[in-house]
Amino acid sequence: MAAIKALAENALSAALRPMNSGDVAAVAAIEQQVQFTPWSATLFADTLRVPRYFGYVLMQAQQLLGFYIVEVIADEATLHNIAVSPEHQSKGFGRQLIEHAIGQCLQTGVTRLMLEVRESNTSAIGLYESLGFELDGVRRDYYSAPWGRENGLLMSRPLS
Ligand SMILES: CC(C)(COP(=O)(O)OP(=O)(O)OC[C@H]1O[C@@H](n2cnc3c(N)ncnc32)[C@H](O)[C@@H]1OP(=O)(O)O)[C@@H](O)C(=O)NCCC(=O)NCCS
């Protein structure tokens, strides 16, 4: 019960706002900690300047806990990046980020949200499946990995 209460408090006290250029250093710092082939700070900054992309950050007090980046083309969107800082993972923040991204997509008339995930990323795949994403296909040996190459899973869910 105490654990459930702590999870609820964590989720409630963190709020999302649009990502801006002042967030890039903190976002890139999380990215460095959680990705095998991280986006650079320059790539995050460049992405923010392109209108078809939008990003949000999850803030608790003054601390940036996580973020996501989505690209919208016509009525389809792609979740290009999502991460929660290691010390705040498994507290429901990843779910909060994706649910927010879905809400933003719905507001702009997007009818399908797509993503790609490493086959070994079982926690992310579990999260996506629990949110209704389904497997569309496999990109064989798409990613570099510590052991060589690994497959990318293409997933999507309709939005309505
Ligand atoms: C993927 C990531 C964003 C998820 O964020 P998070 O805050 O840890 O996720 P949540 O706490 O919201 O997890 C929610 C769900 O994920 C799933 N999940 C979490 N850990 C899991 C695991 N080990 N196995 C299977 N499913 C798991 C569960 O469905 C869980 O549901 P629950 O709320 O009932 O427990 C985060 O782990 C992360 O930043 N990873 C590194 C970057 C990354 O891999 N990004 C995705 C690239 S495609």
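Whatever order the structure lists ligands and atoms in, that order sets their numbers, starting from 1.
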In terms of atom number and element, which parts of ligand 1 are under 4.0 angstrom from non-hydrogen atoms of [X]?
{"X": "S90", "value": "6 (P), 7 (O), 8 (O), 11 (O)"}
{"X": "S130", "value": "29 (O)"}
{"X": "G92", "value": "10 (P), 11 (O), 12 (O)"}
{"X": "K91", "value": "11 (O)"}
{"X": "G126", "value": "17 (C), 26 (N), 29 (O)"}
{"X": "A83", "value": "39 (O)"}
{"X": "E116", "value": "48 (S)"}
{"X": "Q35", "value": "42 (C), 43 (C), 45 (N)"}

Task: Y68 and H80 aromatic centres sub-6.0 Å - done: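 Here the rings of H80 and Y68 have centres that are no less than 6.0 Å from each other.
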Task: Aromatic ring proximity F67/F44, centre distance under 6.0 Å - done: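 For F67 and F44, the ring centres are under 6.0 Å apart.
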Task: Identified side chain to side chain contact (heavy atoms under 4.5 Å, CB included) partner of M155 from the options L79, D136, V117 - done: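 Testing M155 for a side chain to side chain contact (heavy atoms under 4.5 Å, CB included) against L79, D136, V117 leaves exactly one candidate, V117.
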- [ ] Check L65, V27, L16 against V57 for a side chain to side chain contact (heavy atoms under 4.5 Å, CB included) and give me the one that passes.
- [x]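 That would be V27.
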Where the closest heavy atom to [atom] is concerned, which of [options] has it?
{"atom": "atom 44 (O) of ligand 1", "options": "L127, L97, N121", "value": "N121"}
{"atom": "atom 25 (C) of ligand 1", "options": "V34, I98, T122", "value": "T122"}
{"atom": "atom 5 (O) of ligand 1", "options": "A124, G94, S120", "value": "G94"}

What residue and atom, counting heavy atoms only, is the protein's closest point to [atom], and at what distance?
{"atom": "atom 31 (O) of ligand 1", "answer": "R95 NH2, 3.0 Å"}
{"atom": "atom 40 (N) of ligand 1", "answer": "Q89 NE2, 3.6 Å"}
{"atom": "atom 18 (N) of ligand 1", "answer": "S123 O, 3.5 Å"}

Task: Pair R112 + E76, salt bridge at N-O below 4.0 Å - done: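 Salt bridge flag = no for E76 with R112.
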- [ ] Could you tell me whether R139 and E116 have a side-chain N and a carboxylate O separated by less than 4.0 Å?
- [x]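 Looking at R139 and E116, the cut-off is met.
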Task: Within-4.5 Å side-chain heavy-atom neighbours: R118 and T37 - done: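 Yes. Closest side-chain heavy atoms under 4.5 Å.
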Open item on the list: I want to check something: taking the side chain as every heavy atom from C-beta on, are L153 and V138 in contact at a cut-off of under 4.5 Å?
Closed with: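 Contact flag for L153/V138 side chains = yes.
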Open item on the list: Is it the case that ligand 1 has an N or O less than 3.5 angstrom from some N or O of V117?
Closed with: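 Checking ligand 1 against V117, no N or O pair falls under 3.5 Å apart.
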